[in-house]
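What's counted below: heavy atoms across the whole structure, side chains too, no hydrogens, waters or symmetry copies.
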Amino acid sequence: MRALRTVAATCLAAGLLTACGSSGSGSSTADAKPGSTASDGVAAGKGAGGGANLGAKETLLASAAVMEKAGSAKLAVTGEAAGTGEFVWKAPKSFLLNTKSEGQDTKVLFVGDVMYVGAGASLAQLAGGKTWMKIDPKDDAQGAPGGGDAVGKASSLELMDPAVQLAVAAPTAVQSGTETVEGQFCKHYRSDIPVDALVEKLQLKPELKTKVLDELKKKGSTITVEFWINAKNELVQQSGTGQATGFSKITYSDLGSVQPTKAPADSEVFSLEDVLK
C-alpha cells in the first residue's frame, strides 16, 4: 500500500516537473549566449528547427499556438517516474502514465482533477477485486485518507499544459543551442518563468490559484524550463528539475492523435479509506 501511495506522489511530482523546476541541466550542442535577450534568435535557413528566422520569444509563442491546436500527444518520461503515456490537454483533459513501482508495472491516471492509481494484485484483493484507487481532491476537505495534496492534484493538468508553459515562458526565453532530438533538428531554449505569470494563466478558481501560488513560491519566485522545438514549431522535448523526481524530461510524439482516457467505471474503483476499514 505504501508503494502505491509513493507512485502517486512521485507521478504527481513528475507531472509538475516544469511547474516546480529549478535550473534544469539538459545537454546541448551549444551554450546559451551571454547577454542574449528574448528576441535574440539565431538566424536559421530553410529547414532549421524552432521557428526559422524568428526570435526566441516569437518561436515559443508560435510553438504555443501549434501545441494548443494539437491538443494531445504521446509521451516518454525520464526520471524517477519514468515511463510512457498519453496526454490530452484540451477538454476533456486526461493524463495516463505507464510506469513502475518497486519493479512492478502500474498506471497513474488523471481525469479532470481526479487521480487514479492502478492497484497491484495484493491491494486489489484487499479492495474486493477493484483495480483503481481513486484520489479525489474533494476528499481533502473531508479529511479522508489519501486526500492530501489536493492543491497539487487539482492543478496538475493545468500546470502540465505545454501550450500554457510555452506562452508564459516566451517573454524570458533565450536560445541556448541546437541539437538533434528524436531524429529532428531542434533549437534549444531556456526560460526563467515568474511563478506569478504561470499561475495567472491557469484555468483555476481564484482560491485555488492562491493556494497553488503559495505552494510554488516555497521553491522560489521563478522556475527554469528548457524546450526543444523543431522546424514546424512543434515542441519535441522539455525538461526541468522536479521537486521529488530529480532531473526529468518529457518527449512528445504523435501530436493530435490521442483520444481522452475515460475514468474507470465505478465498479473498478476504490478509495484508500475503503481498504482501511
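- Rounding to the nearest 0.5 Å gives a distance of 9.0 Å between SG of Cys186 and CG of Leu235.
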Between side-chain atoms of residues 257-266 and protein atoms elsewhere (two or more places apart, or another chain), which donor-acceptor pairs fall under 3.5 Å?
| unit_1 | atom_1 | unit_2 | atom_2 | d |
| --- | --- | --- | --- | --- |
| Ser257 | OG | Asp254 | O | 2.6 |

Step by step, would you call Phe87 with Phe95 a ring pair (Phe, Tyr, Trp, His ring centres under 6.0 Å)?
CA-CA 4 Å; Phe87 183 21; Phe95 173 83; 5.6 Å; yes

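- No salt bridge links Lys74 with Glu86; every basic N to acidic carboxylate O contact stays at or beyond 4.0 Å.
- Linking Ile, Leu, Val, Met, Phe, Trp and Tyr whenever their side-chain heavy atoms come within less than 4.5 Å leaves Val88 and Val66 in two separate clusters.
- For Lys130, there are no salt bridge (Lys or Arg N to Asp or Glu O under 4.0 Å) partners two or more places apart in sequence or in a different chain.
- Atom CZ of residue Phe227 and atom CG of residue Leu166 lie 4.5 Å apart, to the nearest 0.5 angstrom.
- The pair Asp161-Lys201 does not count as a salt bridge, with every side-chain nitrogen at least 4.0 angstrom from each carboxylate oxygen.
- Remark: Lys90 NZ is packed, more than 12 non-hydrogen atoms of other residues, nucleotides or ligands lying under 6.0 Å away.
- Using a 4.5 Å heavy-atom threshold, the side chains of Leu97 and Lys107 count as separate.
- The residue from Thr251, Thr84, Ile250 that alone fulfils the side-chain contact (heavy atoms from CB on, under 4.5 Å) condition with Val77 is Ile250.
- Counted within 6.0 Å of CD on Glu68, heavy atoms from surrounding residues, nucleotides or ligands total 12 or fewer; the atom is thus considered open.
- The aromatic rings of His188 and Trp228 lie parallel to each other, with less than 30° between the two planes, well short of the 60° mark.
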As a quick check of understanding, evaluate side chain to side chain contact (heavy atoms under 4.5 Å, CB included) for Val174 and Tyr189, giving each step before the final call.
CA-CA 6 Å; Val174 295; Tyr189 299 90; over 6 Å; no

